[in-house]
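Okay, so here's the structure we're looking at.
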Amino acid sequence: MLNEKYAPHEIEKRWQKIWEEKKTFKVNNDDPRPKSYVLEMFPYPSGNLHMGHVRNYSIGDVVARFRTMNGFNVLHPMGWDSFGMPAENAAIQHNIPPAKWTMDNIANMRRQQKELGLSYDWDREVTTCKEDYYKWTQWFFELFYKRGLAVKKESAVNWCDTCNTVLANEQVIDGKCWRCHHEVVKKDLSQWFFKITDYADELLKDLSLLKGWPERVKTMQKNWIGRSEGLEFSFDCPALGTKLPVYTTRADTIYGVTFVVIPPEHPLVEKILKDNPNKEKLEEFCNKVRNTSDIERTSSESEKLGMYSGYDCVHPLTGHKVQIWITNYVLFDYGTGAVMGVPTGDQRDWMFADKYGIDKIITLQPKDKTLSLDTMTCAYEEKDGVLVNSAQFTGMEMHKAMGAITDYMEEKGLGKRKVNYRLRDWLISRQRYWGAPIPIVYCPKCGEVLVPEKDLPVKLPTDVKFTAGAKSPLATSESFVHCTCPKCGGPATRETDTMDTFLCSSWYYLRYADPHNDKAPFSPEAVNYWLPVDQYIGGIEHAILHLLYSRFFIKVLRDAGLVKIDEPFTNLLTQGMVIKDGAKMSKSLGNVVSPEEIITKYGADTARLFIMFAAPVERELEWSDQGVEGSFRFLNRVWRIVAHFETELDQHVTSYDTSNLNEEDKKLRLVLHSSIKKITEDIEQRFNFNTAISTMMELVNALYNYKDTAKTVNAGLIYETISNLLLVMAPFVPHITEELWNKVIDAKHSVHKEPWPKYDPEAIKVDEVEILVQVNGKPKDRMMVSTSLSKDELGKVALDSPTVKTAIGDKKVVKVIAVPGRLVNIVVKG
RNA sequence: GCGGUCAUGGCGGAACGGCAGACGCGCUAGCCUCAGGAGCUAGUGGGGGCAACCCUGUGGAGGUUCAAAUCCUCUUGACCGCACCA
């Protein structure tokens, strides 16, 4: 006998225990069913789950359970991206060891996840800060190193003073640190880089393979990689005894060059300064520019400043003198680090020339107009025009001229075509403690040496001071720093930096395939079976960072023969944020709703249902306490209607005569089968979980309606309806459905192991349908007609309607459009 | 500046080019109840009408179409990404 009242807490605790004991969601690598890999981005163990997590995992859980019910062997794992700064900050502030802080948080968050009833195979849990994981992260570093893709190089890098570490380009948002939001400064340091730029072209090109990714994410990656085609050529600088190479995408404006600009970082500056009469002032200027913050320096709004170097170079085509200027508006690490200045073709150059009185030459103008320096007030930056003052290219259309001039320069050996990328190499060193140590040893004799594979992992020491300042805390551990050289056996020191945590997360989805392997990061059989991830689900904030790094990793691993795939994630679903009162939930705004609080009040099923119902997955979800009540009310309605029909259900009438149904039965059966169809399509094809749920609500409403209107209860139909209702609801609200299934349908088998229901096409066929009759597009009448009518017959019936006749009056019927099953539109004139 | 997304009742949101507002929240009225912050029933875009009904309506202006929230052009606003990348 069912309880009269729905009591979520008792039900949920009980079933969670049973699922855990029976290992209901355990998955095997050898299973005859087709595989499906459903993955949610693993969390950083910050301490507590927030609503964003709940949304992420609820979506993943619905997809995973739906696929299981549809006959797939589904891999649905969970783990912890557990290296990172917050653990270290806890150590500094509260004197708690980072490992303890992290593991405590993991335990708490895992408990919260279990309270949500998520269908993870917990036996496959991975934790990136554990030795059995970071051993392989280090192993991958070595793989990259051996393939020449991990290199140490000196360069101006992003430095966050608050976090005391360097950052990758991708981790600098608007000139600020992605974690602490403090301003990032440039520092010249020797750091480890992964050469992601070697794969720039493929990372761009293969975006076209990702048909299951949102356009938005692909566009963001495309822009981030930023491929551009242009011409690289050099200006001769006889006075400095060297050449000055520049890069341009506007070869057509080459005859308009009147100066060349270089940044203070440019190697030529040293030569310029030597014996320069203006040395002091130039040096002062260079230092001033170098000390400007990065945001200021790279903002398009900041003033363009420069100083004439005192040296000129020679235009390769005209032989004219071209002044060399040192400026603050050129990026040293893009292209050749020097740029040609064309005042009439580029607004920045125009303003710069105006300010410092540099010559301007018009070399491009509109087809139907002649430009003059006397009347021009800004550069001509239009995307069409004709060349003037450009020797043999004068009169040529600009796009044609771009090619022609480039060809000419190549023929004469003056320059060559060049492709440049905005993407920079991935800086992976971090001067932090809580990360995987870089497995490198520095030997006075042998230089840079890899730690042999058999000695991995290089373990994190525990005898460190966290207040090391600009150096990694690892440097404070004597026992860690001093070692012997693996090559010569002499005394050596270890690299004290750790790896960016994004490296740990670039391969975790591979480890789930084979999580306990201690011989290799994974076996080829396991990854070949499970990978690629069929459905990846996570926040848009990783559009570039994690998703780009992971794609890069897979390409390198593929080239190393470790995997056979080109891309890690076939389909990507980017969920929207959970907000409240129009703003992101945050402690400082005081608008945080904690998942635990909701689970305590209504249970996990309500929380999951509401979060799936309140908004389409990709859009922002506005949290509404009243909305949650509505979801809870719905589950209560389900419970009561099942309880109401318990007597009929107990008879287990699993079949009935469908050819002899009364009106109420027919109606309910139609709603049932069209609901199954709609819900299946909503989940499978479009991820329209919100409308899938509204369809379930309609089905429940139909059941209530049946209860009130049916003169007799058809026990077979009720059994069919309620068992199917529980099945389609199961992925969304696993506890209540399991309980009801167990009590009234099948006490022996889990609802979550049942096959997904199929609708009966016969049941959704109707003999008669209501169609709308329009006259000139305006609704005039509606009528029940047989579905077997042809278009012509439909038109005739419509024209016969008295209402329609009145509406037509004495006007002339011009055309009749009939759409079977929908409407007839009669076009009249006069 | 470049690239992208979006705009529908009081609110969250539905709607293969085919009856706009499904479903839910909120609100109103009624029933049930000692009571209700429980449950049930009905109503709920705006304007008009006693009424059957009529007019109007998807940010704005045009266009395509028998038919437009949906397609096209322009425009306004909001949000997001990149941004001195030569």
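Basis for what follows: all heavy atoms, side chains included, without hydrogens, waters or symmetry-related copies. Per chain, numbering begins at 1; letters A, B, ... match sequence-line order.
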Point to revise | A:Tyr549 vs A:Glu170, side-chain hydrogen bond (donor to acceptor under 3.5 Å, both in side chains): CA-CA, chis, key distance, verdict | key: CA-CA 10 Å; A:Tyr549 294 148; A:Glu170 289 78 9; 2.8 Å; yes
Exercise for review: Walk me through it: do A:Glu232 and A:Lys243 pass the test salt bridge (Lys or Arg N to Asp or Glu O under 4.0 Å)?
Suggested key: CA-CA 12 Å; A:Glu232 194 174 304; A:Lys243 282 176 180 288; over 6 Å; no
Enumerate all atom pairs, one protein N or O and one N or O from nucleotides 9-12 of chain B, separated by less than 3.5 Å.
| unit_1 | atom_1 | unit_2 | atom_2 | d |
| --- | --- | --- | --- | --- |
| B:rG12 | O2' | A:Ala614 | O | 2.4 |

Practice item. Give a yes or no answer on whether the side chain of A:Ser801 reaches the backbone of A:Val804 with a donor-acceptor pair at less than 3.5 Å. Key: yes
Review point. Reading nucleotides 65-74 of chain B from the 5' end, what letters show protein touch, with B for base, S for backbone sugar-phosphate only, - for no heavy atom under 4.0 Å?
Key: -BS-------
Check your understanding: How is A:Glu215 classified with respect to the nucleic acid when contacts are heavy atoms under 4.0 Å: base, sugar-phosphate, or nothing?
Key -> nothing
Review point. Can the positive tip of A:Arg640 be found less than 6.0 Å from the middle of the six-membered ring of A:Tyr6, inside 45° of the ring normal?
Key: no
Practice item. Could you walk me through whether A:Asp682 and A:Lys678 pass salt bridge (Lys or Arg N to Asp or Glu O under 4.0 Å), step by step? Key: CA-CA 6 Å; A:Asp682 273 351; A:Lys678 172 91 167 42; 2.8 Å; yes
Exercise for review: Rounded to the nearest angstrom, tell me the gap between atom CD1 in A:Ile611 and atom P in B:rG13.
Suggested key: 14 Å
Study note, to complete from the structure: Whether each nucleotide of nucleotides 25-49 of chain B has a protein heavy atom under 4.0 Å at its base (B), only at its sugar-phosphate (S) or at neither (-) is summarised, 5' to 3', as SS------------SSS--------
Exercise for review: State yes or no: are the ring centers of A:Trp178 and A:Phe502 separated by less than 6.0 Å?
Suggested key: yes
**Study point:** For A:Ile808, the option from A:Val828, A:Asn776, A:Thr803 that meets side-chain contact (heavy atoms from CB on, under 4.5 Å)
**Key:** A:Val828
Practice item. Could you tell me whether a side-chain N or O of A:Thr248 sits under 3.5 Å from a main-chain N or O of A:Arg250, the two making a donor and an acceptor? Key: yes
So which protein nitrogen or oxygen atoms get under 3.5 Å of nucleotides 55-57 of chain B's nitrogens or oxygens?
none

**Study point:** A:Ala168 backbone acceptor or donor facing A:Gln171 side chain under 3.5 Å
**Key:** yes
**Study point:** Annotated protein contacts, base or backbone, on nucleotides 80-86 of chain B with a non-hydrogen cut-off under 4.0 Å, one of B, S, - each
**Key:** SBSBBBB
Point to revise | Test salt bridge (Lys or Arg N to Asp or Glu O under 4.0 Å) applied to A:Asp174 and A:Lys176, step by step | key: CA-CA 5 Å; A:Asp174 293 330; A:Lys176 293 179 179 153; over 6 Å; no
Revision key, fill the gap. Here the distance between atom P of B:rC79 and atom CD1 of A:Ile579, to the nearest Å, is 12 Å
Review point. Is the A:Phe233-A:Phe235 ring centre distance short of 6.0 angstrom?
Key: yes
Practice item. Just compare B:rC16, B:rA22, B:rG24 and give me whichever is closest to any side-chain atom of A:Asn701. Key: B:rG24
Study note, to complete from the structure: To the nearest 0.5 Å, atom CG of A:Leu703 lies from atom CD of A:Glu698 at 12.5 Å
**Study point:** N-O pairing of A:Asp354 and A:Lys360 below 4.0 Å
**Key:** yes
Under 3.5 Å, which donor-acceptor pairs link side chains of residues 607-614 of chain A to any protein atom two or more places apart or in another chain?
| unit_1 | atom_1 | unit_2 | atom_2 | d |
| --- | --- | --- | --- | --- |
| A:Arg608 | NE | A:Phe732 | O | 3.1 |
| A:Arg608 | NH1 | A:Asp61 | OD2 | 2.9 |
| A:Arg608 | NH1 | A:Leu116 | O | 3.0 |
| A:Arg608 | NH1 | A:Gly117 | O | 3.2 |
| A:Arg608 | NH2 | A:Asp61 | OD2 | 2.7 |
| A:Arg608 | NH2 | A:Pro731 | O | 3.0 |

**Study point:** Distance-only donor-acceptor test, A:Arg782 side-chain atoms vs B:rC19 base atoms, 3.5 Å
**Key:** yes
Point to revise | Face-on cation placement of A:Lys5 at A:Trp639 ring, 6.0 Å and 45° thresholds | key: no
Review point. For B:rG9, does the O4'-C1'-N9-C4 (purine) or O4'-C1'-N1-C2 (pyrimidine) torsion place it in syn, i.e. within 90° of 0, or in anti?
Key: syn
Review point. Relative to the 5' end of RNA chain B, which residue comes earlier, A:Asn688 or A:Pro779, by the nucleotide with the nearest heavy atom?
Key: A:Asn688
Point to revise | Neighbour count above 12 (heavy atom, 6.0 Å) for A:Glu4 CD | key: no
